[in-house]
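Beneath this line is the structure, given in structure tokens, with notes to follow.
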Amino acid sequence: MTGKLDYQWHLRTIMASRGMLSTTDLRPLLAERGIGLSPSQVYRLVVEKPERLSLRTLVALMDILDCRMEELIEPVAAASPTRRRAAGDGGGLGVGSFRPRRARIVKDSDG
């Protein structure tokens, strides 16, 4: 069975390696390529990992930064969810130090 995948978004790192240190540097370059994003949208695109991204925007970013998709988006294994334990639980079933007992089947004396 294949594990769950996640991704890392490297836009900010690639921008910095190209000398683009401000999110405002990116907005006019996107506009030249027909991508009209507000300043807050560009900021979120740079500093957060986008959940949805149009292919036109992705292609424009690759053109602006002269990079490949693999450099912007890195597939990684998803972190497995961690279960939170209550204090003193010890990780088993039950509440605190109380544990359920296994049922014992005994024959009825009538039968």
Side-chain angles (χ1 to χ4, degrees):
M1 183 169 108
T2 304
K4 294 190 178 197
L5 292 176
D6 198 5
Y7 64 95
Q8 290 183 345
W9 181 240
H10 297 292
L11 178 58
R12 187 175 214 166
T13 306
I14 294 172
M15 283 177 61
S17 71
R18 307 293 196 273
M20 297 176 69
L21 303 177
S22 174
T23 60
T24 57
D25 297 339
L26 191 57
R27 189 167 182 234
L29 299 172
L30 286 167
E32 288 175 8
R33 290 159 179 82
I35 308 296
L37 298 177
S38 70
S40 64
Q41 288 173 316
V42 174
Y43 177 81
R44 285 194 311 269
L45 181 65
V46 173
V47 301
E48 297 175 7
K49 183 169 81 169
E51 291 299 319
R52 292 178 297 277
L53 181 67
S54 77
L55 291 177
R56 289 182 190 273
T57 304
L58 179 62
V59 171
L61 290 171
M62 291 186 309
D63 182 49
I64 291 165
L65 299 168
D66 191 29
C67 67
R68 297 180 321 226
M69 184 172 57
E70 297 84 23
E71 295 173 88
L72 277 173
I73 305 167
E74 176 188 356
V76 295
S80 54
T82 57
R83 292 181 58 185
R84 294 179 59 160
R85 296 182 182 173
D89 182 21
L93 297 174
V95 178
S97 62
F98 298 105
R99 303 280 180 251
R101 280 192 171 171
R102 182 177 295 266
R104 213 176 68 178
I105 300 174
V106 293
K107 289 187 179 186
D108 190 7
S109 60
D110 292 334

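Nothing here was measured: the structure is a model prediction, and the numbers come from that model. We use all heavy atoms of the structure for the numbers below, so side chains are in, but hydrogens, waters and symmetry mates are not.
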### Message
Test of understanding: clusters of I, L, V, M, F, W, Y form through side-chain heavy atoms closer than 4.5 Å, transitively. Do L55 and I14 belong to the same one?
### Response
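In one cluster: yes.
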For [X], side chain to side chain contact (heavy atoms under 4.5 Å, CB included) partners two or more places apart:
X   : result
D63 : R33
E51 : Y7, K49
A78 : K4, D6
R68 : E70, E71

#### Entry: Rounded distance (nearest 0.5 Å) linking atom CG of L72 with atom CE of M62
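Reported to 0.5 Å precision, the distance equals 7.5 Å.
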### Message
Please report the interatomic distance CE(M15) to CG(L61), rounded to the nearest 0.5 Å.
### Response
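If I round to the nearest 0.5 Å, the distance is 9.0 Å.
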Where [X] and [Y] come nearest, the two heavy atoms and their spacing:
X   : Y   : result
L21 : D25 : N-OD2, 3.6 Å
A60 : L30 : CB-CD2, 4.0 Å
P28 : T24 : CD-O, 3.2 Å

#### Entry: Note, V47 side chain near L11 side chain (heavy atom, < 4.5 Å)
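Side chain of V47 against side chain of L11, heavy atoms only: no contact under 4.5 Å found.
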### Message
I need the full list of side-chain hydrogen bond (donor to acceptor under 3.5 Å, both in side chains) pairs touching residues 10-20, with sequence neighbours left out, sorted by first then second residue.
### Response
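Output for this query lists H10-E74.
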Please output the side-chain donor-acceptor pairs of residues 35-46 that fall under 3.5 Å, not counting sequence neighbours, one pair per line with the distance.
from, atom 1, to, atom 2, distance (Å)
S38, OG, S40, OG, 3.2
S38, OG, Q41, N, 3.1
S38, OG, Q41, OE1, 3.4
Q41, OE1, S38, N, 2.8

